[in-house]
Amino acid sequence: MELSGSVPTADAPFAAEEFDSWWRDRREEIVGRLLDLIAIPTVSPDEERCYPWLGAQISALGGSWRVEPPPQALPEHPDFTLTEFSGRPRANLRARLPGPPGAPRLLLNVHVDVVPAKGFEGAFQPRFSEGRVVGRGAADTKNNIVMALAALEFLRDLGIAPAYDLQLDFVVEEEIGGSGTLASILNACTAEEVVVLEPTSLEIFHGHRGCLSFEVLVKGIAGHMGGGGGLSAIDGAVEAIEALKGLERRLSELARAEDLFGAEPPPTVVNVGSIDGGEWHGSFPDRCLLRANAGFLPPLEIAGVKELIEEAVGGLADPWGGRCEVTYSGIHNDAYAIDPRTPLVRRLLEAKRRQGLPEAEPAVWGASCDARYYARLAGLPVVVFGSGDLDHAHGVEERLEISQLAAGTRILADFLATPPGRGPS
Ligand SMILES: [Zn+2]
């Protein structure tokens with residue numbers, strides 16, 4: 001993304017020079033902060049390790065915070081995601097920076113967990129060179145924790161009070177299902193609007209796709225390849241994969257009908273991520289297990305996607321009819337989309353425009369995150385926004401361009417400084 005030369009417009013709450021000179025003075029410190037945070041490995045279930053660091057940052061901003069364990073009833077909630085760490089519940093960190101009397105209540109949600117770093121040498125010994133930070137979480141999404149802190153610090157240093165009564169939820173388990181955010185909503189959600197910070201390359205999304213994990217067990221008949229009675233489950237799996245490709249086309253058609261993406265191809269991928277079956281060259285395997293994810297868009301919901309999956313593999317021609325069993329485990333993230341004309345969406349777009357950054361119409365994000373919970377369970381307007389490129393997340397050499405962190409800080413500071421009533425919405 002080209003950021004140089006973007007100049008705030010005259011109606012911005014602060015001048016370009018004010019931000020630029022502040023950033024020049026603070027850049028090294030802010031980069032250092034990101035390096036420090038990345039160096040605390042917070043792969044689930046070790047998220048809480050970063051709370052002393054985070055708490056100190058909030059305190060320095062004059063905010064209050066507390067560590068908030070999940071409610072007892074969390075595992076009974078239908079949206080709860082069972083993980084290998086579910087027996088060891090971890091807390092979120094909830095912070096508050098009170099606003100002026102009667103200020104609207106805004107929540108910033110950001111996850112503290114990062115994905116594992118197998119094969120990524122130095123993932124937790126981050127480095128900074130040539131304007132970029134490399135390390136696990138540099139893009140997804142410790143950069144956005146640092147961005148939120150920097151935006152608040154900038155406003156404080158300039159003597160500009162945020163226009164909101166601010167709550168910040170730093171949550172666990174986003175990468176493995178979202179039970180941290182679910183816990184925070186069940187504990188209490190008093191916000192009127194929510195911004196979920198994720199690596200969107202500074203785009204503003206008014207929805208995200210859904211994702212459902214499932215398994216297809218294909219049952220064959222064991223036997224010697226020279227005998228007559230066997231049936232290779234792997235042959236059946238090939239048919240099932242073909243059927244899942246058909247499902248992918250179907251999901252894509254349904255998504256196009258909604259046109260939430262404009263010109264972009266809809267991210268309705270059905271990905272078979274693992275195949276497990278068979279033991280020996282000369283034997284018919286009696287079982288083959290496929291593990292897959294299906295990405296989908298509103299108005300489809302999980303129940304509808306399950307029906308489509310079962311229809312696809314249930315309709316295989318003989319001898320495979322009735323030989324496929326579908327189960328569900330792991331990710332079950334519903335999709336969501338709110339009206340792109342919602343004031344929250346427009347105001348964030350306005351902040352981006354005021355900061356002189358290229359505007360695009362709001363779209364639906366091609367990845368899923370915790371934002372759905374706010375829309376679906378709490379009925380709140382929620383958008384997804386942040387620095388960092390999704391293409392650089394989760395992989396080896398995960399990285400962030402510091403120029404993008406600066407631009408994101410500017411947009412967020414502008415948004416937070418501007419009272420909702422101001423300007424066109
Ligand atoms: Zn993320």
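Start at 1 and go down the list; that is how both ligands and their atoms are numbered. A quick note: this is a predicted structure, and the numbers were derived from the prediction, not measured. Index from 1, following the sequence.
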| query | What are the protein N/O/S atoms, named by residue and atom, that sit under 2.8 Å from the Zn ion (ligand 1)? | reply | His111 NE2, Asp140 OD1, Glu198 OE1
| query | Using the ring of each side chain (for Trp, its six-membered ring), is Trp365 parallel, tilted or perpendicular to Phe205, with breaks at 30° and 60°? | reply | parallel
| query | Hey, what's the ring geometry for Phe415 with Tyr164, parallel, tilted or perpendicular (30° and 60° as the breaks)? | reply | parallel
When you check the gap from the basic side-chain N to the acidic O, do [X] and [Y] get nearer than 4.0 Å?
X      : Y      : answer
Arg347 : Glu350 : no
Asp165 : Arg96  : yes
Glu310 : Lys306 : no

| Nearest 0.5 Å, what's the CD-CG distance between Gln404 and Leu400? | 6.0 Å
